[in-house]
Enquirer: 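Once you've had a glance at the structure underneath, I'll fire off some questions.
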Amino acid sequence: MPSTPQIRSQHVSGKPVSRRTVLKAGATLLLSVVAPMRAMAAQILAVRVWPAEDYTRVTLENDAALKATHFIVKDPERMVVDIDGLELNPTLKSLVAKIQSNDPYIKQVRVGQNRPNVVRLVFDLKEEITPQVFTLPPAGNYKHRLIFDLYPVQPVDPIAAMIEKGDWSSDGKDKASTAKTEMAPLKPGEADVAAAAPQPPKEQLEALKPDTKADPRAELKNELKTAEAQSKANDKTGKLVRMLTVVLDPGHGGEDPGASGKNGSREKDIVLAIAKRLKGKIEEFPNMRVMLTRDGDYFVPLGTRVEKARKVQADLFVSIHADAFVQASARGSSVFVLSEKGASSTAARWLADKENLADTIGGVNVKNHDKQLASVLFDLSTTAQINDSLKLGKSVLGEIGGINRLHKGSVEQAGFAVLKAPDIPSILIETAFISNPEEEAKLLDDGYQNQMADAIVKGIRRYFAKNPPLAKNRLT
């Protein structure tokens with residue numbers, strides 16, 4: 001006679017487990033798979049505000065990608081933003097205190113928990129704006145970023161801005177340009193972004209050693225006498241009768257701090273200080289005026305810098321930087337121009353790759369970014385631009401060599417995106433290595449900044465003396 005079926009107990013760690021217990025455990029496991037767990041709210045890590053005449057940027061840095069919707073409310077002007085997957089925290093609340101009274105576009109901001117897992121921001125505006133809201137993936141030392149760019153309905157016109165500031169007249173002076181500029185300490189999230197740049201292979205370490213043999217000053221001594229005499233003759237005969245427009249481009253800014261020094265100095269601060277000094281010195285000459293691509297601490301995309309120069313029909317474009325390298329021993333000043341056929345050295349190519357990361361670090365809205373300037377077609381005008389840029393670079397490098405050791409005794413070439421205006425002679429100056437403690441001290445010194453500005457002015461004047469501005473007509 002067959003035996004009655006019996007439920008056998010299973011043993012786990014020597015203890016009997018009943019069938020009922022097994023079934024309960026299985027049901028619990030099934031429910032945990034089918035029923036999703038409540039999503040963890042993202043955490044705001046930092047908030048930053050960058051007010052400027054061009055536009056005001058508000059950045060929320062967080063540990064995960066955020067989704068936001070926004071709309072405009074009239075009478076009075078407001079922008080309302082709802083951010084999903086977010087709980088209000090003290091960092092986000094601190095945004096209220098970061099709005100400055102002199103912000104051109106934001107009067108104040110209100111922050112609150114609109115509903116569970118949704119935070120609402122209300123920007124009270126000073127005028128009608130055109131907003132751009134977009135996200136950025138992690139880059140450099142930054143995590144995910146949610147960006148609010150508030151542009152005026154009527155974009156700032158560079159020529160109108162120069163006229164309003166008095167820069168368009170022949171007697172414009174930047175009185176503040178000679179004032180001492182204090183270097184702000186590093187802020188969280190604004191450390192050197194060089195770690196995010198392409199790292200140079202070992203063979204480039206040798207290439208980055210200063211070239212102490214070459215001395216362009218010796219070659220240019222005779223040229224200088226001739227150029228100065230020609231310049232005086234031109235001034236007397238009235239050859240240089242029209243105004244010469246020089247665009248100075250302080251590198252980096254805003255979300256993009258550039259390189260940083262051991263003592264906490266930031267490239268974006270130093271190059272802006274040098275550019276302001278240089279502006280004042282250039283405008284001491286009655287036939288010269290200057291536009292800065294940025295006159296404060298805010299980010300300007302590389303293509304926009306070029307567009308600004310073209311809109312004011314610039315005669316020259318000078319981008320100012322302070323280099324950094326993985327080895328603190330790297331030192332010296334350099335001048336670069338655009339290359340038609342690739343970089344002149346591996347070091348130049350590495351530097352161009354690093355500088356071209358500015359848009360990634362600073363944050364560009366890809367949907368609205370005009371990529372036309374990023375891929376300039378090389379034609380006759382660009383070839384002429386490169387030739388004129390080499391002449392300008394040679395003149396400036398010769399003067400810089402009188403105040404600082406040169407990294408290399410000749411002008412170098414590479415594919416710098418910021419030098420791609422096809423009709424404007426353009427150079428990029430690396431004033432010194434901010435990553436070298438000795439050169440960082442120089443860059444922070446008022447005297448060195450003045451000497452660097454004086455040297456660049458002399459180089460520019462000598463270039464114009466030998467290359468009258470009328471020659472620009474063949475490029476346009």
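Just so you know, residue 1 is the first one in the sequence shown, and it goes up from there.
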Enquirer: Determine yes or no for a side-chain-to-main-chain donor-acceptor pair under 3.5 angstrom, with Asn356 supplying the side chain and Ala417 the backbone.
Expert: yes
Enquirer: Is there side-chain contact between Thr293 and Pro250, with at least one heavy-atom pair below 4.5 Å?
Expert: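 Yes, side chains in contact.
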Enquirer: Look at the side chain of Glu439 and the backbone N and O of Arg331, then say whether any donor-acceptor pair between them is shorter than 3.5 Å.
Expert: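 Side chain of Glu439 to backbone of Arg331: no pair is present.
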Enquirer: Would Val271 and His252 count as a side chain to side chain contact (heavy atoms under 4.5 Å, CB included) here? Give the steps.
Expert: CA-CA 9 Å; Val271 298; His252 310 282; 5.6 Å; no
Enquirer: With heavy-atom distances below 4.5 Å as the criterion, would you say the side chains of Leu121 and Val58 are in contact?
Expert: no
Enquirer: I need the Phe336 CZ to Leu351 CG distance, nearest 0.5 Å.
Expert: 4.5 Å
Enquirer: Rounded at 0.5 Å granularity, tell me how far OG in Ser345 sits from CH2 in Trp350.
Expert: 11.5 Å
Enquirer: Are Thr56 and Ile129 close enough, and set up right, to give a side chain to side chain contact (heavy atoms under 4.5 Å, CB included), and what steps lead you there?
Expert: CA-CA 10 Å; Thr56 289; Ile129 56 100; over 6 Å; no
Enquirer: Answer yes or no: is there a donor N or O on one side and an acceptor on the other, between the side chain of Arg120 and the main chain of Val118, under 3.5 Å?
Expert: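 No.
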Enquirer: On a heavy-atom basis, which atom in Thr431 and which in Ile320 lie closest, and how many Å separate them?
Expert: CG2-CG2, 3.9 Å
Enquirer: Would you say the side-chain atoms of Gln132 pair up with the backbone N or O of Tyr151, donor to acceptor, closer than 3.5 Å?
Expert: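 Such a contact is absent between Gln132 side chain and Tyr151 backbone.
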Enquirer: Could you check if a side-chain atom of Ile106 sits within less than 4.5 angstrom of a side-chain atom of Met79, using non-hydrogen atoms only?
Expert: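 They are not in side-chain contact.
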Enquirer: Report yes or no: does Gln449 contribute a side-chain atom to a donor-acceptor pair with the main-chain N or O of Leu443 at less than 3.5 Å?
Expert: yes
Enquirer: Side chain to side chain contact (heavy atoms under 4.5 Å, CB included) for Phe464 and Met288? Distances and angles first, verdict last.
Expert: CA-CA 11 Å; Phe464 275 133; Met288 301 182 78; 3.8 Å; yes
Enquirer: Contact between Leu146 and Val133 at the side-chain level, heavy atoms closer than 4.5 Å - yes or no?
Expert: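 Side chain of Leu146 against side chain of Val133, heavy atoms only: contact under 4.5 Å found.
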Enquirer: Quick one: does Pro131's side chain get under 4.5 Å of His70's, heavy atoms only?
Expert: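 The answer is yes; the side chains approach within 4.5 Å.
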Enquirer: If you look at every heavy atom in Glu267 and Ala322, which pair is closest and at what distance?
Expert: OE2-N, 2.9 Å
Enquirer: Can a donor-acceptor pair be found, under 3.5 Å and without considering hydrogens, that links the side chain of Tyr463 to the backbone of Leu316?
Expert: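 No, the answer is negative, given that no donor and acceptor are paired below the 3.5 Å cut-off.
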Enquirer: Report yes or no: does Asp103 contribute a side-chain atom to a donor-acceptor pair with the main-chain N or O of Pro51 at less than 3.5 Å?
Expert: no
Enquirer: A quick test of your reading: do over 12 heavy atoms of other residues, nucleotides or ligands sit less than 6.0 Å from NZ of Lys126?
Expert: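 Atom NZ in Lys126 is crowded, with more than 12 foreign heavy atoms closer than 6.0 Å.
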Enquirer: Heavy atoms, side chains only, cut-off 4.5 Å: are Val246 and Asp315 in contact?
Expert: no
Enquirer: Evaluate the ring planes of Phe433 and His407, with Trp represented by its six-membered ring, and classify them as parallel (under 30°), tilted (30 to 60°) or perpendicular (over 60°).
Expert: tilted
Enquirer: Do Gln313 and Thr245 get their side chains close enough for a donor-acceptor pair, meaning under 3.5 Å?
Expert: no
Enquirer: Please round to the nearest 0.5 Å and tell me the distance separating atom OG of Ser319 and atom CG of Leu419.
Expert: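 It comes to 6.5 Å.
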Enquirer: About how many Å separate NZ of Lys143 and CG of Asn62, when rounded to the nearest 0.5 Å?
Expert: 11.5 Å
Enquirer: Regarding Lys268 and Asp256, does a basic nitrogen lie under 4.0 Å from an acidic carboxylate oxygen?
Expert: no
Enquirer: Ignoring hydrogens and geometry, is there a side-chain-to-backbone donor-acceptor pair from Asn114 to Val119 under 3.5 Å?
Expert: no
Enquirer: Nearest 0.5 Å, what's the CG-CD1 distance between Leu406 and Ile403?
Expert: 9.5 Å
Enquirer: For Ile44 and Leu86, which heavy atoms make the closest approach, and how far apart are they?
Expert: CG1-CD1, 3.8 Å
Enquirer: Give, for atom OG of Ser334 and atom CG of Leu397, the distance between the pair rounded to the nearest 0.5 Å.
Expert: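 One gets 7.5 Å once the value is rounded to the nearest 0.5 Å.
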Enquirer: Kindly give the heavy-atom pair with the smallest separation between Asp359 and Pro301, and that separation in Å.
Expert: OD1-CA, 3.4 Å
Enquirer: Any Lys/Arg nitrogen of Lys354 or Asp323 sitting under 4.0 Å from an Asp/Glu carboxylate oxygen of the other?
Expert: yes
Enquirer: If every non-hydrogen atom of Leu92 is compared with every non-hydrogen atom of Val111, which pair is closest and at what distance?
Expert: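 Answer, listing the atom of Leu92 first, then Val111: CG-CG1, 4.0 Å.
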Enquirer: Does Arg57 make a cation-pi contact with Phe299, if we ask for NZ or CZ under 6.0 Å from the ring centre and within 45° of the axis?
Expert: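 Because its charged atom misses either the 6.0 Å distance or the 45° angle limit, Arg57 does not stack over Phe299.
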Enquirer: Check Gln451, Arg461, Lys458, Arg462 against Glu399 for a side chain to side chain donor-acceptor pair (under 3.5 Å) and give me the one that passes.
Expert: Arg462
Enquirer: Between Arg48 and Glu61, does any NZ, NE, NH1 or NH2 come within less than 4.0 Å of an OD or OE carboxylate oxygen?
Expert: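 Here Glu61 pairs with Arg48 in a salt bridge, since their nearest N and O are under 4.0 Å apart.
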Enquirer: Under 3.5 Å, is there a donor on one side chain and an acceptor on the other for Ser260 and Arg266?
Expert: no
Enquirer: Any side-chain heavy atom of Asp54 sitting closer than 4.5 Å to one from Lys308?
Expert: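 In short, these two side chains touch, coming nearer than 4.5 Å.
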Enquirer: What are the two closest non-hydrogen atoms of Gly393 and Val411, and how far apart are they?
Expert: C-CG2, 3.4 Å
Enquirer: Here's a test for you: under side chain to side chain donor-acceptor pair (under 3.5 Å), which of Gln108, Lys107, Arg78 qualifies with Asp124?
Expert: Gln108
Enquirer: Donor-acceptor pair, Ser344 side chain versus Gln413 backbone, under 3.5 Å?
Expert: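 Judged by distance alone, yes, a pair lies under 3.5 Å.
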Enquirer: Could you tell me whether the side chain of Arg110 and the main chain of Val96 form a donor-acceptor pair under 3.5 Å?
Expert: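 Checking the backbone N and O of Val96 against the side chain of Arg110, no donor-acceptor pair under 3.5 Å is found.
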Enquirer: Is there side-chain contact between Asn117 and Asp84, with heavy atoms separated by less than 4.5 Å?
Expert: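 No; the side chains remain at least 4.5 Å from each other.
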Enquirer: Show, in sequence, the C-alpha distance, side-chain angles and deciding distance for Asp388 and Leu392, and conclude whether the side chain to side chain contact (heavy atoms under 4.5 Å, CB included) test is met.
Expert: CA-CA 6 Å; Asp388 284 348; Leu392 171 63; over 6 Å; no
